[in-house]
Amino acid sequence: MPQLPATPYPAEVRARLDADAEEVLARYPGSRSALLPLLHLVQSEEGYVSRTGIAFCAETLDLTTAEVTAVSTFYSMYRRRPSGDYQVGVCTNTLCAVMGGDAIFDTLKEHLGVGNNETTEDGKVTLEHIECNAACDFAPVVMVNWEFFDNQTPESATQLVDDLIAGRTVEPTRGAPLCSYKDTARILAGFPDERPGAVEATGGAGPASLIGLKLAKGEALPKARVVSPRAGQPQDGQAHDAQVHDPSPTERLSSHDAPQQTSASDPEHPAGPAAEEGE
């Protein structure tokens, strides 16, 4: 059935959004480039991207509602229906899953009585599984309104959502203090976080994330150790006094460390010329 036109924002809300949108548009030489932050802006108003919000973005940027809808449905950070004050995302991608992410997600579904992308009856918590929280070295990871809660267990995650529902203060493992989902959306729209000390608390990557960088700079180990190719001999230009040994399983050398047999170079397994279909 055809839908009625979206209900417009009340006059005072529209005036406020128009002023904010003008500030967003001023950042971009092309107006349609402002669509992503504008979608966050309307999400900060209602907690999700409503049909009213889509109509506002389309009118502001001289786009069709179909064009705006296509973008808002492509990115998972835009909610398409009312959500809770706290968006609890459990990573269920490969590493987090095997480290316990699947167990955390199943536990929270049962504990909260909701499924994926569903909200508790009190409107406090929306639960969803996320493909990757980009923090594999702290697996399993749960995010609340895009703030990190690292190294979680089913028990700690259950306590976390109970604290959120009860209104108790919870502190992310790293990053800024937690705020509501609407406030988070406004920050993502590009407006400053005006809470005292919030910006200073954002910090950077966790220590486990920086190990590789320190290794690359030679800062993590007092003396770098050279690992030879699979043939067991130093390559040309390699230090002659370097330690030569058979690599242990934990060193997991890459397939690029030494030439490997391929179908083109292995006489026992010739590939032969490629044949046309039907020959």
Side-chain angles (χ1 to χ4, degrees), residues 6 36-54 57 68-69 71-93 96-97 100-135 138-189 191 193 195 198:
L36 296 183
L38 280 188
L39 286 169
H40 283 300
L41 177 63
V42 297
Q43 187 158 257
S44 73
E45 185 64 36
E46 299 179 83
Y48 72 110
V49 179
S50 65
R51 293 178 59 236
T52 301
I54 288 175
C57 292
V68 176
T69 300
V71 174
S72 67
T73 55
F74 181 83
Y75 294 103
S76 60
M77 290 180 73
Y78 300 121
R79 312 300 303 171
R80 293 309 313 279
R81 56 185 177 183
S83 297
D85 296 331
Y86 300 101
Q87 188 79 24
V88 176
V90 182
C91 182
T92 55
N93 211 335
C96 277
D102 283 343
I104 291 173
F105 188 56
D106 290 340
T107 298
L108 291 184
K109 284 193 296 183
E110 181 177 357
H111 182 70
L112 296 172
V114 297
N116 184 44
N117 282 327
E118 293 182 356
T119 303
T120 54
E121 291 185 0
D122 57 9
K124 292 286 188 180
V125 171
T126 297
L127 179 68
E128 71 169 334
H129 81 85
I130 295 177
E131 287 302 323
C132 183
N133 280 328
F138 296 99
V141 176
V142 173
M143 295 194 88
V144 180
N145 295 349
W146 309 116
E147 299 293 347
F148 288 100
F149 290 80
D150 302 320
N151 301 311
Q152 293 294 295
T153 65
E155 294 74 23
S156 66
T158 299
Q159 184 63 54
L160 171 61
V161 296
D162 284 347
D163 288 342
L164 293 173
I165 292 173
R168 292 187 284 267
T169 300
V170 299
E171 296 183 0
T173 308
R174 48 201 163 94
L178 201 62
C179 59
S180 73
Y181 189 61
K182 290 182 179 180
D183 290 336
T184 301
R186 184 170 177 81
I187 294 170
L188 290 173
F191 294 92
D193 188 344
R195 295 175 297 162

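When reading the values below, keep in mind they use all heavy atoms of this one structure, side chains included, and skip hydrogens, waters and symmetry mates.
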Validation row: Y75, L36 side chains within 4.5 angstrom (heavy atoms): yes
Flag side-chain contact, heavy atom, 4.5 Å: E128 against Q87: yes
Which atom of R168 lies closest to which atom of D163, heavy atoms considered: NE-OD1, 2.7 Å
Shortest non-hydrogen contact from Y181 toward M77: OH-O, 3.2 Å
Contact check, side chains of K182 and E45, non-hydrogen atoms, under 4.5 Å: no
Geometric class of the Y78/H40 ring pair [parallel <30°, tilted 30-60°, perpendicular >60°]: tilted
Side chains of F138 and T173 in contact at under 4.5 Å (non-hydrogen atoms): no
Check: R80 and Y48 side chains under 4.5 Å, non-hydrogen atoms: no
Between H129 and N93: side-chain donor-acceptor atoms closer than 3.5 Å: no
Stepwise salt bridge (charged side-chain N to carboxylate O under 4.0 Å, His left out) check, R186 with D183: CA-CA 5 Å; R186 184 170 177 81; D183 290 336; over 6 Å; no
Student check: side-chain heavy atoms of T126 and E118 closer than 4.5 Å: no
Close side-chain approach of R51 to T69, heavy-atom, < 4.5 Å: no
Side-chain H-bond candidate by donor/acceptor type, S156 with T153, under 3.5 Å: yes
Donor-acceptor pair, side chain of Q152 and main chain of D150, under 3.5 angstrom: yes
Side chains of N117 and R79, donor plus acceptor under 3.5 Å: yes
